[in-house]
Amino acid sequence: MMPRKTALSFWSSLRFRLLAGTLAWVLLTIIVAGWGLNSLFKQHMMQQVRAELTLHLNQLLSFVAVDPDGKVSVPHALSDARFDQPLSGLYWQIDQQDGQGRTATTGLLRSRSLWDNVLPTSNIGNTSTALQDFTITDADGTVLDAVGRIIQPEEESSYPLRLVVAVNHDIVALPVERFRNMLILALTILAIGLMVAVTTQVILGLRPFGRLRKSLADVHEGKTSHIEGDFPAELEPLVNDFNQVLDVNAKVIERARTQAGNLAHAVKTPLAILSNAAAKEQTSFSALVQEQVAMAQRQVNYHLARARAAAAMQASTSRTPVKKSLEALIRVMQRLYAERNLDIRLHLQEDHCAFRGEEQDFQEMLGNVLDNACKWASHAISVTVAQVRNDIVITVDDDGEGLPENQKDLIFQRGIRADEKKPGTGLGLDIVRDLTDLYQGAVVTASSPFGGLRVVLRLPAASLGLKH
C-alpha cells in the first residue's frame, strides 16, 4: 500500500497534473470526435435513404396512369426488385382522397412487397402537394421512414392521389449501429494508443527532473559536492546556477572555518602566556588566574567544536570511515589507560560503513564517550557498530558500576560530573550531545548487560565512494 505522504505528493506532483490534463483532453477529444463522426454518418445515411426513396417516388409518379373513368393503375413494375418481394422492407402505396382532401381509400394500390398489409397513412396531413418526409408505425410496431406527395390527375373524374414510398427503419439503423460499434472499437484502440504515448512522453520528459532530484539528494547526503550528469538545455542553466551556489557556499564555509581557527590560535596564545605566567607564582591570585584560563580554553575548544560541526553539516560532502577511526581511538585509549589493563573490543557488523561528517568531529564524540567508559570501566569495554538504513548505530558498553536512572540524563548537561573524584571538566558528554544534535543524530544511555553504562550514538551514514 502506498504511504499517505507518497500518495499525497503524487496527486500534487507535476507528473500527475500533466498526465491528468493531457489524458482528459485526449478522452474529451476522442469522445467529441466519435459523437461527431457517428452523427455525420447517421445524417449521411438518412440523406442517402431519402434520396433513394425520392427516386422511387418519382419513378412511381411517372408510372401512375388514370383512365377516363378515373380508374388508377400502375402498368409498369418499379426498377427495384424489392418491391416485388413480400415483406422486403421497401414498399410503395397509393391512397385516394375525397373532394374535401380527406383519405377516402387507403391502399388503393400497393406494392407486392406489402403482401396483405396496408401502410397506416390515414393520419398523415393531406394539405401539402410538396414532397413530405414522415415516419409510419404499422400494426406490428415496425417503424418505417417514408416520403410522400399528393398529385391531382388531369382527368376531371379523378380525385387527388397520395403516393407513398416507405422503407423499414432497421435498414437504416443497422448500418448506423454497425458503424457505431466499429467506430467505438477503433476510437478505443486509438485512445489506448494515445494514452500510452502521452504517458510515455510525460515520463520520459520528466525523467531529467528525477535525475536532478537524485543528484540533489546525493549532495544532501554528502555523496557528491556538485550536481553531475547530462541534463536538457532547459535544465542546464538551473544546474549550473545551483553548482555555483554550492561552490560559493563551500568557499564561505571554508573561510568561516579558517577564521574560526585563526581566532582560536589568536586567543590560545595569550591564554597560554597568562597560564605560564600564573604558574610561576604560588599565590591565590595565580591559582585563580590558572583556573579561569583553563576554563576559557575549554570554552574556546567547546565552541570551536560546535562551529566545526555546523560547518561540516553545511558542507555535506565529508565522510569518515568508522572502522579506521575507532581502531585509532581504541589504541589511544589503551595507551592512555595502560596502567588499568582495559580490554576494549570492537565489533563491526559492516566493515565499510562511514560517518557523514568530519573526522575530528567523529573522534570528538567517540573519544569523549570512550574516555568516559574507560574512567568507569572495571576491566572490559565493548564497542559495537551497526548500520541501520541511513544511520550508523554505535553502542559502547562498560562493566563498571553504572548510574542510577535519575542520573543517566544528567551526565549530558553541561558541567555536570557523575563523580567529582574522577578527573574531568564535565564538558565532554555535553559536547557529544551537541555534536550529535548538529548532525541530526541522537545519543541515549541505558543499563549495560555487562553491569555498567551503555551509551548509544545514532549518526548519519555516508557512502565510502564519496568525492572530496
Side-chain angles (χ1 to χ4, degrees), residues 221-223 301 304-305 308-309 312-313 315-400 411 422-424 427-436 438-446 448-468:
E221 294 174 3
K223 296 180 180 179
N301 294 333
L304 280 178
R308 186 172 63 246
M313 284 302 298
S316 300
T317 58
S318 301
R319 59 88 179 165
T320 300
V322 172
K323 181 178 180 181
K324 179 181 177 181
S325 297
L326 280 176
E327 289 176 344
L329 281 172
I330 290 173
R331 286 194 298 268
V332 171
M333 294 299 163
Q334 287 175 335
R335 287 196 298 267
L336 187 61
Y337 294 93
E339 73 282 355
R340 298 190 54 195
N341 195 27
L342 295 174
D343 182 18
I344 306 176
R345 296 190 179 184
L346 176 62
H347 308 280
L348 288 98
Q349 298 181 8
E350 175 61 52
D351 288 340
H352 302 292
C353 59
F355 162 63
R356 180 162 61 89
E358 293 288 343
E359 182 176 1
Q360 55 265 43
D361 294 330
F362 184 80
Q363 292 178 349
E364 184 82 23
M365 290 183 285
L366 269 299
N368 279 298
V369 173
L370 284 174
D371 183 59
N372 185 75
C374 290
K375 290 176 183 177
W376 291 94
S378 298
H379 176 68
I381 297 172
S382 173
V383 181
T384 305
V385 180
Q387 184 161 349
V388 182
R389 298 186 182 88
N390 296 323
D391 292 329
I392 295 173
V393 179
I394 303 175
T395 304
V396 180
D397 291 299
D398 66 68
D399 61 350
I411 62 174
K422 297 288 183 179
L427 293 176
L429 293 181
D430 180 54
I431 294 176
V432 173
R433 183 195 60 186
D434 285 344
L435 288 175
T436 54
L438 286 171
Y439 279 102
Q440 298 178 356
V443 57
V444 295
T445 60
S448 172
F450 301 139
L453 183 68
R454 165 173 284 185
V455 180
V456 181
L457 287 90
R458 182 178 291 268
L459 301 172
S463 171
L464 279 174
L466 297 179
K467 297 181 179 181
H468 296 279

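Remember, predicted model here, so these are calculated numbers, not experimental data. All values below come from the heavy atoms of this structure, side chains included, with hydrogens, waters and symmetry mates left out. Residue numbers start at 1 and run along the sequence shown.
- A search for salt bridge (charged side-chain N to carboxylate O under 4.0 Å, His left out) contacts involving Arg345 returns Asp343, not counting sequence neighbours.
- The two residues Ser378 and Leu342 make their nearest non-hydrogen contact at O-CD2, 4.2 Å.
- Between Val383 and Leu326, the closest heavy-atom pair is CG1-CD1, 4.2 Å.
- What you find for Asp398 and Ala377 is that their closest heavy atoms are CB-CB, 3.9 Å.
- Remark: Phe355 CZ to Ile392 CD1 distance equals 8.0 Å, nearest 0.5 Å.
- No donor-acceptor distance shorter than 3.5 angstrom exists from the side chain of Asp399 to the backbone of Phe450, with no hydrogens or angles considered.
- The side-chain heavy atoms of Ser325 and Glu359, taken from C-beta on, include a pair separated by under 4.5 Å.
- Taking the side chain as every heavy atom from C-beta outward, Tyr337 and Lys375 approach each other to under 4.5 Å.
- Separating the CD atom in Gln334 from the CG atom in Leu336 is a distance of 11.0 Å, to the nearest 0.5 Å.
- Of the inter-residue distances, the one linking Thr436 atom OG1 with Arg458 atom CZ reads 12.0 Å to the nearest 0.5 angstrom.
- With sequence neighbours excluded, the residues that form a side chain to side chain contact (heavy atoms under 4.5 Å, CB included) with Val456 are Val393, Thr395, Val444, Arg454.
- In this structure, Phe362 CZ and Ile394 CD1 are separated by 4.0 Å, a value rounded to the nearest 0.5 Å.
- In plain terms, the two heavy atoms of Thr384 and Ser382 that are nearest each other are OG1-OG, 3.8 Å.
- In this structure, the side chain of Arg340 engages the main chain of Cys374 through a donor-acceptor pair within 3.5 Å.
- Note that the CG atom of Leu346 and the CD1 atom of Ile381 stand 12.5 Å from one another [nearest 0.5 Å].
- With contacts defined as side-chain heavy-atom distances shorter than 4.5 Å, the pair Glu358/Thr320 does not qualify.
- Within the 4.5 Å cutoff, the side chain of Trp376 has no heavy atoms near those of the Leu453 side chain.
- Taking CG of Asn368 as the reference point, atom CZ of Arg433 lies at 13.0 Å (rounded to 0.5 Å).
- Contact of the Leu457 side chain with the Met365 side chain is registered, since non-hydrogen atoms from C-beta on lie closer than 4.5 Å.
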